[in-house]
Amino acid sequence: MLGKGGKRKFDEHEDGLEGKVVSPTDGPSKVSYTLQRQTIFNISLMKLYNHRPLTEPSLQKTVLINNMLRRIQEELKQEGSLRPMFVAASQPADPLSDNFREAQPAFSHLASPPLLPTDFVSTMPLESCLTPASLLEDDTFCTSPAVQHEGPTKPPPPALQPVKDSFSSALDEIEELCPAPTSAEAVAAESAADDSKAQPSESNIHKPEGLPESRTAESKLMDPLPGNFEITASTGFLTDLTLDDILFADIDTSMYDFDPCTSATGAASKMAPVSADELLKTLAPYSSQPVTPNQPFKMDLTELDHIMEVLVGS
Amino acid sequence: FLGAGGGNDIQWCFSQVKGAVDDDVAEADIISTVEFNHSGELLATGDKGGRVVIFQQEQENKTQSHSRGEYNVYSTFQSHEPEFDYLKSLEIEEKINKIRWLPQKNAAQFLLSTNDKTIKLWKISERDKRPEGYNLKEEDGRYRDPTTVTTLRVPVFRPMDLMVEASPRRIFANAHTYHINSISINSDYETYLSADDLRINLWHLEITDRSFNIVDIKPANMEELTEVITAAEFHPNSCSTFVYSSSKGTIRLCDMRASALCDRHSKLFEEPEDPSNRSFFSEIISSISDVKFSHSGRYMMTRDYLSVKIWDLNMENRPVETYQVHEYLRSKLCSLYENDCIFDKFECCWNGSDRQVEFFSLIVMTGSYNNFFRMFDRNTKRDITLEASRENNKPRTVLKPRKVCASGKRKKDEISVDSLDFNKKILHTAWHPKENIIAVATTNNLYIFQDKMN
């Protein structure tokens with residue numbers, strides 16, 4: 001809590017970042033805008049998931065924080081579709097996979113059975129990395145009624161495709177998986193679509209005996225990824241989907257739905273269908289800049305780890 | 001400059017302070033609502049511990065013309081108890097969210113008090129006589145041996161020390177799934193509304209087992225929820241009209257005659273966003289924390305995080321006046337978001353008036369941080385910042401205006417933004433309905449200020 005006269009720890013770098021929004025298209029101030037956005041995103045996540053009150057949390061506060069997260073997510077997705085946020089070829093994939101290694105056990109308590117961090121033996125060809133949705137869609141676990149209801153614009157599952165060399169086709173896939181939302185409904189539908197895509201892995205969590213498709217898909221990330229530009233681009237989004245399922249599939253919806261009559265299997269509330277690696281994606285372009293190339297990236301990885309630890313440890 | 005003297009400006013002086021002196025605040029003592037009754041003789045506070053404390057103004061001492069009567073404790077009672085919702089495994093807080101007085105009809109006083117889930121009608125009555133001389137009972141209540149009764153007598157009322165009793169007369173429960181944020185008594189004095197995050201219900205004061213839902217903004221799919229109701233109030237004169245505000249900064253005016261379910265508003269008040277002030281926090285700071293009609297009902301006032309806005313009911317597209325409460329916080333919104341202060345719900349109130357005429361809705365009062373509170377004079381466009389503090393407050397000494405230095409060189413007696421204590425927030429203030437007496441609640445103390453009479 002603030003003491004009288006106490007300086008806030010964010011004060012120093014925030015004074016330059018707060019206040020008027022810097023247009024994301026400005027050159028040098030874009031970094032500060034992105035940094036600010038990421039800070040706010042972190043804070044919002046912590047607020048939603050760190051809080052274990054004895055009494056019901058304020059619905060107004062939850063809604064406002066959720067709106068904040070959705071707005072940032074929408075921005076990130078729009079930026080992603082306009083200008084791909086791919087990891088530069090020189091960027092080692094290891095930090096990414098390291099992070100995911102750590103991320104998994106962090107959320108293992110959400111899933112039952114606990115996810116095995118790195119025990120996957122990947123024998124599936126790399127091509128299937130590009131089409132996670134089809135793998136997920138193949139799973140025959142039934143979706144909960146609420147999820148089905150809320151998905152009016154479910155995108156069709158992309159068919160298995162060979163590795164694409166052209167960037168534009170990778171982009172097409174990305175767009176197919178994550179259509180740019182044009183309205184609140186579209187955002188909700190998109191989250192619903194993510195939900196429905198994620199359904200099998202979500203069901204995984206509820207039914208331990210199911211084959212963890214998502215895990216196999218994700219295990220590909222454990223392998224050292226080639227410096228291939230396009231593949232890392234799409235696997236980034238792939239990771240987005242799979243981590244999402246694991247991170248948010250099991251979220252207690254009681255915060256949202258207070259009706260005692262609502263089915264207990266109601267939609268796993270995808271309050272923030274943006275995973276931590278979205279943050280990484282936003283920072284990735286800047287990590288290759290000559291000015292402090294890896295510092296911000298590493299710093300944010302540490303922050304990310306910290307968030308994960310806090311979310312688990314509390 | 002209010003308080004600077006001259007003309008009709010009010011000069012505020014410290015009068016009283018109620019509550020514990022020590023800095024260590026007991027959570028149950030945190031004041032959560034303050035409300036004068038219709039005559040101003042009674043002043044009620046509710047706290048986080050579910051208690052209601054009512055203060056009564058002393059009858060004016062004719063020989064002491066320099067001050068109005070002091071407020072002393074009149075009644076204290078436990079209004080709400082903590083409950084446990086077994087279905088959700090969550091506690092229901094006993095904190096009193098709102099108190100609203102009914103106009104006095106007989107010797108007793110009535111008020112509505114509410115926590116998150118349940119509204120109660122309390123009757124506060126005085127007893128200053130008691131019957132004495134029962135035939136079958138002793139004075140202490142024990143029954144007499146009937147064989148010792150040899151004569152009959154008629155019991156008589158004899159004076160006793162004044163006792164103030166509070167008894168719950170109605171309990172309006174089980175009508176709200178979400179947290180009640182407002183109650184408002186209709187001008188017909190027979191019905192009232194209660195509003196939670198997603199719904200507004202209409203009650204009859206006599207009937208507790210039934211309420212009518214008049215507004216419902218719950219979406220079919222809760223994942224699509226992006227907006228909640230934050231406050232609601234009946235129009236002071238038109239018994240079919242009410243307004244409710246939202247977390248997106250809109251106010252909707254509804255007419256209950258239009259349809260049973262007022263989901264379609266008659267008017268929608270919303271100010272377009274100022275693009276130069278856009279930030280990540282635009283939506284959050286636009287969330288309205290309080291809405292109050294003016295005395296005549298021609299205007300209404302809304303409070304959002306940084307400002308107070310006055311709306312003309314005939315103009316929906318923008319407020320007629322806007323007053324900045326603490327604009328210097330605009331550059332600190334990220335910190336305030338992080339420490340949750342940005343979600344603080346400040347209330348606002350109009351000056352009192354003994355006429356229900358628009359001409360007299362002149363001054364707006366609202367709270368801020370560092371135990372500061374602000375007043376805006378609509379006529380002169382002047383404003384003042386005052387502090388509720390035990391230091392430097394002697395009765396009948398005019399309060400010294402405060403100033404916050406936003407940036408640059410801090411002048412003497414100014415306080416810099418970084419020195420503000422964000423734990424000391426004034427969320428609740430009330431203005432005596434007829435006189436220039438105000439009640440200002442800090443975290444756990446109640447301050448009473450009066451204007452300097454002379």
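Numbers restart at 1 for each chain; the letters A, B, ... are given by sequence-line order, proteins then strands. All values below were derived from every heavy atom in this structure, side-chain atoms included, with hydrogens, water molecules and symmetry-related copies excluded.
- In this structure, CG on Asn66(A) lies 8.5 Å from CG on Leu225(B), to the nearest 0.5 angstrom.
- Ranked by heavy-atom pairs under 4.5 Å with chain A, the list Val228(B), Val417(B), Asn181(B), Thr230(B) is led by Val228(B).
- More than 12 heavy atoms of other shown residues, nucleotides or ligands fall within 6.0 angstrom of atom CG in Asp263(B).
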- Please lay out, stage by stage, how Arg71(A) and Glu283(B) fare under the test salt bridge (charged side-chain N to carboxylate O under 4.0 Å, His left out). CA-CA 11 Å; Arg71(A) 236 177 289 124; Glu283(B) 186 194 44; 2.9 Å; yes
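- Taking Glu347(B) as the reference, Lys98(B), Asp290(B), His428(B) meet the side-chain contact (heavy atoms from CB on, under 4.5 Å) condition, with sequence neighbours excluded.
- Looking at Lys345(B), the atoms closer than 4.5 Å to chain A (heavy atoms on both sides) all sit in the side chain, from C-beta outward.
- Contact detail for Asn67(A) and Thr226(B): the closest heavy-atom pair is ND2-O, 2.9 Å.
- The CD1 atom of Ile65(A) sits 4.0 Å away from atom CZ of Phe343(B), with the distance rounded to the nearest 0.5 Å.
- In terms of heavy atoms, Asp340(B) sits closest to Lys61(A) at OD2-NZ, 2.6 Å.
- Across Ser289(B), Ser287(B), Ser246(B), Ser247(B), a single residue satisfies side-chain hydrogen bond (donor to acceptor under 3.5 Å, both in side chains) together with Gln60(A), and that is Ser287(B).
- At a threshold of 4.5 Å between non-hydrogen side-chain atoms, the residues Glu227(B) and Val63(A) do not count as touching.
- Surrounding CD of Gln324(B) are more than 12 heavy atoms belonging to other residues, nucleotides or ligands, all under 6.0 Å away.
- Ring to ring, Phe41(A) and Phe280(B) are not that close: their centroids are 6.0 angstrom or more apart.
- Here Ser279(B) contributes atom OG and Ile40(A) contributes atom CD1; the two are 7.5 Å apart, rounded to the nearest 0.5 Å.
- Partners of Ser44(A) according to the side-chain hydrogen bond (donor to acceptor under 3.5 Å, both in side chains) rule, which considers only residues two or more places apart in sequence or in another chain, are Tyr337(B).
- With rounding to the nearest 0.5 angstrom, the CE atom of Met222(B) is 5.5 Å from the CG atom of Leu59(A).
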